[in-house]
Colleague: 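Below: one structure in structure tokens.
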Amino acid sequence: MAEVLVFHHGHGLTAGVRSFAEQVRRAGHTVHAPDLYEGQVFGSLEEGAAYAESVGFDTIIARGADAAEGMPAGLIYVGFSLGVLPAQKLAQTRPGAKGALLLEACVPVTEFGAAWPQDVPVQIHGMDADPFFAGEGDADAARAVVKTVTDAELFLYPGDRHLFTDSSLPSYDEQAAMQVNHRVLGFLDRISRESTAARS
């Protein structure tokens with residue numbers, strides 16, 4: 001099965017992110033969910049964003065890279081919102097990446113390299129009226145990835161909520177989150193099957 005590295009969003013490593021990781025584990029995959037905030041969880045996104053800004057986004061990305069040290073090359077990287085930064089960087093730059101799942105954020109690929117690696121499949125998920133995802137250029141960056149990468153998908157969900165996938169937050173949208181989880185598990189299963197077939 002797949003080995004997955006999950007990076008949390010701006011609130012920190014919440015119960016909702018842990019629950020997501022546990023769902024993926026129950027499906028048979030190996031999951032790592034490092035804490036990029038050194039034990040801090042914030043009640044509001046504003047507080048979490050202020051913390052990330054105070055330590056520096058480069059530091060958050062570096063903590064994500066440090067978390068991958070010593071792990072196998074063939075990981076699938078998952079990022080929620082802020083966590084997309086380390087997930088996307090590792091997917092684009094760490095050799096051997098098997099895939100990426102970018103939830104509620106996407107940055108231009110030129111942030112981390114000239115192009116997205118064609119051998120790294122990617123799924124991107126976000127709400128079509130989320131002021132962050134749709135309003136700050138992430139959706140446009142996601143569409144650019146889909147246009148240029150053979151194995152890339154963008155899924156848009158109706159609504160304006162950010163962090164709709166975290167079951168521990170008021171922004172949670174159960175119906176949309178269930179769709180995300182179904183697609184995420186399908187993606188992981190497909191990558192696992194393809195990896196197994198390539199080795200046999």
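Note that the coordinates shown come from a computational prediction; the quantities given were computed from them, not determined experimentally.
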Colleague: Does D138 use its side chain to pair, donor to acceptor, with the backbone of C106 at less than 3.5 Å?
Modeller: yes
Colleague: How far apart are the C-alpha atoms of H9 and T14, what are their side-chain angles, what is the distance that settles it, and do they pass the side-chain contact (heavy atoms from CB on, under 4.5 Å) test?
Modeller: CA-CA 9 Å; H9 50 65; T14 61; 3.7 Å; yes
Colleague: So among L169, L163, D166, which one has a side-chain contact (heavy atoms from CB on, under 4.5 Å) with V17?
Modeller: D166
Colleague: Minimum heavy-atom separation for L154 and A139, please, with both atom names.
Modeller: CD2-O, 4.5 Å
Colleague: Rounded to the nearest 0.5 Å, what's the gap from NE2 on H32 to CZ on R25? Could you check?
Modeller: 8.5 Å
Colleague: Is E111 reaching over with its side chain to a backbone N or O of P108, donor-acceptor style, under 3.5 angstrom?
Modeller: no
Colleague: Heavy atoms only: give me the nearest G39-D35 pair and the separation to one decimal.
Modeller: N-OD2, 2.8 Å
Colleague: Does F112 share a hydrophobic cluster with L36, counting links as ILVMFWY side-chain heavy atoms below 4.5 Å and allowing steps through other members?
Modeller: yes
Colleague: Just by modelled atom types, is the T148 backbone N or O under 3.5 Å from a matching donor or acceptor in the Q118 side chain?
Modeller: yes
Colleague: Suppose we call two aromatic rings close when their centres sit under 6.0 Å apart. Are F80 and F7 close by that rule?
Modeller: no
Colleague: side-chain contact (heavy atoms from CB on, under 4.5 Å) with P34: which of L5, L13, V6?
Modeller: L5
Colleague: Are side-chain N/O atoms of Q92 and Q88 paired as donor and acceptor at under 3.5 Å?
Modeller: yes
Colleague: Identify whether F42 and V55 are in the same connected component of the hydrophobic contact network (ILVMFWY, side-chain heavy atoms under 4.5 Å).
Modeller: yes
Colleague: Are any of the side-chain heavy atoms of Q123 and H125 separated by less than 4.5 Å?
Modeller: yes
Colleague: For the residue pair R94 and Y77, establish whether any side-chain heavy-atom pair is separated by less than 4.5 Å.
Modeller: yes
Colleague: Can you confirm whether V84 sits close enough to L103 that some side-chain heavy atom of one is under 4.5 Å from a side-chain heavy atom of the other?
Modeller: no
Colleague: Begin with the C-alpha distance, continue with both residues' side-chain angles, and end with the deciding distance and a verdict on side-chain contact (heavy atoms from CB on, under 4.5 Å) for V24 and L188.
Modeller: CA-CA 9 Å; V24 176; L188 296 176; 3.6 Å; yes
Colleague: In the single-linkage hydrophobic clustering (I, L, V, M, F, W, Y; side-chain heavy atoms under 4.5 Å), do V41 and L45 co-cluster?
Modeller: no
Colleague: Ring centroids only, cut at 6.0 angstrom: are H162 and F132 within range, meaning strictly under it?
Modeller: yes
Colleague: V180, L156: one ILVMFWY side-chain cluster at the under-4.5 Å cut-off?
Modeller: no
Colleague: Quick test of your reading of the model: are D140 and R143 salt-bridged, counting only N-O distances below 4.0 Å?
Modeller: yes
Colleague: So, for P121 and I191, which heavy atoms are closest and what is the spacing to 0.1 Å?
Modeller: CG-CD1, 3.4 Å
Colleague: Using modelled atom types only, decide if a donor and an acceptor are shared between the side chain of T165 and the backbone of A177 within a distance under 3.5 Å.
Modeller: no
Colleague: For residues S167 and G16, report the shortest heavy-atom separation together with the two atoms involved.
Modeller: OG-CA, 3.7 Å
Colleague: Checking D189 against H29: is there a side-chain donor and acceptor pair closer than 3.5 Å?
Modeller: yes
Colleague: Near M71 CE, under 6.0 Å, is it more than 12 heavy atoms from other residues, nucleotides or ligands?
Modeller: yes
Colleague: Determine whether R63 and E38 make a side-chain contact, defined as any pair of heavy atoms from C-beta on separated by less than 4.5 Å.
Modeller: yes
Colleague: Can you check whether Y37 and H11 have ring centres sitting under 6.0 Å from each other?
Modeller: no
Colleague: Side chains of E104 and S81: do they bring a donor and an acceptor to under 3.5 Å?
Modeller: no
Colleague: Any Lys/Arg nitrogen of R18 or E22 sitting under 4.0 Å from an Asp/Glu carboxylate oxygen of the other?
Modeller: no
Colleague: For A21 versus A33, what's the shortest heavy-atom pair and its separation?
Modeller: CB-CB, 4.4 Å
Colleague: Using a strict 4.0 Å threshold on nitrogen-to-oxygen distance, state whether R190 and D151 make a salt bridge.
Modeller: yes
Colleague: Looking at R183 and E153, is there a salt bridge between them, counting it only when a charged N and a carboxylate O are closer than 4.0 Å?
Modeller: no
Colleague: Would you say the ring centers of Y172 and F164 fall short of 6.0 Å from each other?
Modeller: no
Colleague: Ignoring hydrogens, what is the shortest heavy-atom contact between V107 and L85? Give both atom names and the distance.
Modeller: CG1-CD2, 3.8 Å
Colleague: Answer yes if F187 and L75 sit in the same cluster of Ile, Leu, Val, Met, Phe, Trp and Tyr residues linked by side chain heavy atoms under 4.5 Å apart, and no otherwise.
Modeller: no
Colleague: Hey, are the side chains of M127 and F133 touching, using non-hydrogen atoms and a 4.5 Å cut-off?
Modeller: no
Colleague: Between V145 and I124, is there a side-chain heavy-atom distance shorter than 4.5 Å?
Modeller: yes
Colleague: State, yes or no, whether a side-chain contact exists between L101 and V122 at a heavy-atom distance under 4.5 Å.
Modeller: no
Colleague: Which value, rounded to the nearest 0.5 Å, describes the distance between S192 atom OG and M1 atom CE?
Modeller: 4.5 Å
Colleague: Please confirm whether the backbone N or O of Y51 pairs with a side-chain atom of S54, one donor and one acceptor, at under 3.5 Å?
Modeller: yes
